[in-house]
Visitor: 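I have a structure here, written as structure tokens, and I will follow up with some questions on it.
Since this is a predicted model, take the numbers as computed values, not measurements.
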Amino acid sequence: MRIGSGYDVHRLVEGRDLILGGVKIPYEKGLLGHSDADVLVHAVMDALLGAAGERDIGYHFPDSDDRYKGISSMKLLEEVIKILAAKGLKPINIDSTIVAQKPKLSSYIEEMRENIARATGLEKDCVNVKATTQEGLGFTGSGEGMEASAICLLR
């Protein structure tokens, strides 16, 4: 058994789609990044890679590589699962948290869970996604960005 944790943060900007857990969420801003900047999936990938002793997503999918420009983070998550499989590792469960003041995310959580479960080969009840605010404090509370953390267990 191996445990891993992941964390990611992205700035909110105008002119970008907001993608979280592979779900396009209607909002006036989106997350800035080389890929689709899905902060939730990035945290999940880093947790999985960390548990496998495989560094981080920046190492495997560098932002200096045009192959990853605008790519869906869900596709990258599928690649991470292949990296784990090559080492004989498989996820057991994933627990994650998105920190965002706005928009309200509760109506999108189940679809995020389904997307992550499908990409990782897990049952939906083995994937948890939570959302919280920072009560108006810090960069997430002021609406400047979003952050996410994740923890996972591998066997």
Visitor: State the CG-CD distance between Leu84 and Glu54, to the nearest 0.5 angstrom.
Guide: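 Reported value, rounded in 0.5 Å steps: 8.0 Å.
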Visitor: What's the spacing between Ile151 CD1 and Asn128 CG if we round to 0.5 Å?
Guide: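 Between atom CD1 of Ile151 and atom CG of Asn128 there are 12.0 Å.
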Visitor: Same cluster for Ile94 and Val99 if Ile/Leu/Val/Met/Phe/Trp/Tyr side chains link at under 4.5 Å?
Guide: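 No, no single cluster joins them.
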Visitor: Rounded to the nearest 0.5 Å, how far apart are OG of Ser96 and CD1 of Ile98?
Guide: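 It comes to 6.5 Å.
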Visitor: So, for Gly53 and Arg2, which heavy atoms are closest and what is the spacing to 0.1 Å?
Guide: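 Closest heavy-atom pair between Gly53 and Arg2: N-NH1, 4.0 Å.
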Visitor: Would you say Ile116 and Tyr7 are hydrophobically clustered, going by side-chain heavy atoms of ILVMFWY under 4.5 Å?
Guide: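 Ile116 and Tyr7: separate clusters.
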Visitor: Any non-hydrogen side-chain atom of Ser72 less than 4.5 Å from a side-chain atom of Leu77?
Guide: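 Side chain of Ser72 against side chain of Leu77, heavy atoms only: no contact under 4.5 Å found.
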Visitor: Can you list the residues that meet the side-chain contact (heavy atoms from CB on, under 4.5 Å) rule with Thr133, with sequence neighbours excluded?
Guide: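 In terms of side-chain contact (heavy atoms from CB on, under 4.5 Å), with neighbours along the sequence ignored, Thr133 is linked to Gln101, Glu135.
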Visitor: Check whether Ile109 and Ile19 end up in the same hydrophobic cluster, where Ile, Leu, Val, Met, Phe, Trp and Tyr are linked by side-chain heavy atoms less than 4.5 Å apart.
Guide: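 Ile109 does not cluster with Ile19.
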Visitor: Does a sphere of radius 6.0 Å around NZ in Lys87 hold more than 12 heavy atoms from other residues, nucleotides or ligands, not counting ones at 6.0 Å or beyond?
Guide: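 Result for NZ/Lys87: enclosed.
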Visitor: Cut-off 3.5 Å, no hydrogens considered: what does the side-chain donor-acceptor table look like for residues 39-50, sequence neighbours left out?
Guide:
{"from": "His42", "atom 1": "ND1", "to": "Asp8", "atom 2": "OD2", "distance (Å)": "3.0"}
{"from": "His42", "atom 1": "ND1", "to": "His10", "atom 2": "NE2", "distance (Å)": "3.2"}
{"from": "His42", "atom 1": "NE2", "to": "Ser35", "atom 2": "OG", "distance (Å)": "3.3"}
{"from": "His42", "atom 1": "NE2", "to": "Ser73", "atom 2": "OG", "distance (Å)": "2.8"}
{"from": "Asp46", "atom 1": "OD1", "to": "Ile57", "atom 2": "N", "distance (Å)": "2.8"}

Visitor: What's the spacing between Met112 CE and Met74 CE if we round to 0.5 Å?
Guide: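 Going from CE on Met112 over to CE on Met74, the span is 11.0 Å.
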Visitor: Calculate, to the nearest 0.5 Å, the distance between atoms CG and OG1 belonging to Leu105 and Thr132 respectively.
Guide: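 That separation rounds to 10.5 Å.
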Visitor: Supply the atom-to-atom distance Leu18 CG to Lys102 NZ, rounded to the nearest 0.5 angstrom.
Guide: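 These two atoms lie 13.5 Å from each other.
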Visitor: Is there a donor-acceptor pair closer than 3.5 Å between any side-chain N or O of Lys29 and the backbone N or O of Gly15?
Guide: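 Judged by distance alone, no pair lies under 3.5 Å.
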Visitor: Could you tell me which residues satisfy side-chain contact (heavy atoms from CB on, under 4.5 Å) with Leu153, sequence neighbours excluded, listed by chain and number?
Guide: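 Counting only residues at least two positions away or on another chain, Leu153 forms a side-chain contact (heavy atoms from CB on, under 4.5 Å) with Met1, Ile3, Ile92, Asn93.
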Visitor: State yes or no: do Phe139 and Met146 share one hydrophobic cluster built from I, L, V, M, F, W and Y residues joined by side-chain heavy-atom distances below 4.5 Å, directly or via other members?
Guide: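 Phe139 does not cluster with Met146.
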Visitor: Step through the shown structure and confirm whether more than 12 heavy atoms of other residues, nucleotides or ligands are within 6.0 Å of NZ on Lys90.
Guide: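 Open: at most 12 neighbouring heavy atoms sit under 6.0 Å from NZ of Lys90.
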Visitor: Side chain of Ser142, backbone of Gly136: donor and acceptor closer than 3.5 Å?
Guide: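 Absent.
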Visitor: Give the minimum heavy-atom separation between Val129 and Arg113, together with the two atoms involved.
Guide: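 Looks like CG2-CG, 3.9 Å.
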Visitor: For the CZ atom on Arg16, are there more than 12 heavy atoms of other groups (residues, nucleotides or ligands in this structure) within a distance under 6.0 Å?
Guide: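 Result for CZ/Arg16: enclosed.
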Visitor: Determine the sole option in Val9, Asp38, Asp36, Leu12 for which the side-chain contact (heavy atoms from CB on, under 4.5 Å) test with Leu31 is passed.
Guide: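 Exactly one option meets the side-chain contact (heavy atoms from CB on, under 4.5 Å) with Leu31, and it is Leu12.
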Visitor: For a quick test of reading the model, state the closest non-hydrogen atom pair linking Tyr68 to His60 and the distance between them.
Guide: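 Heavy atoms of Tyr68 and His60 come nearest at OH-O, 3.8 Å.
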Visitor: Is there a path of hydrophobic side-chain contacts, each under 4.5 Å between heavy atoms of I, L, V, M, F, W or Y residues, that connects Leu20 with Tyr108?
Guide: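 Linked within one cluster.
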Visitor: Using the side chain to side chain contact (heavy atoms under 4.5 Å, CB included) rule, take Asn115 and Arg118 through it: C-alpha gap first, then chi angles, then the decisive distance, then the call.
Guide: CA-CA 5 Å; Asn115 289 343; Arg118 186 173 34 258; 2.6 Å; yes
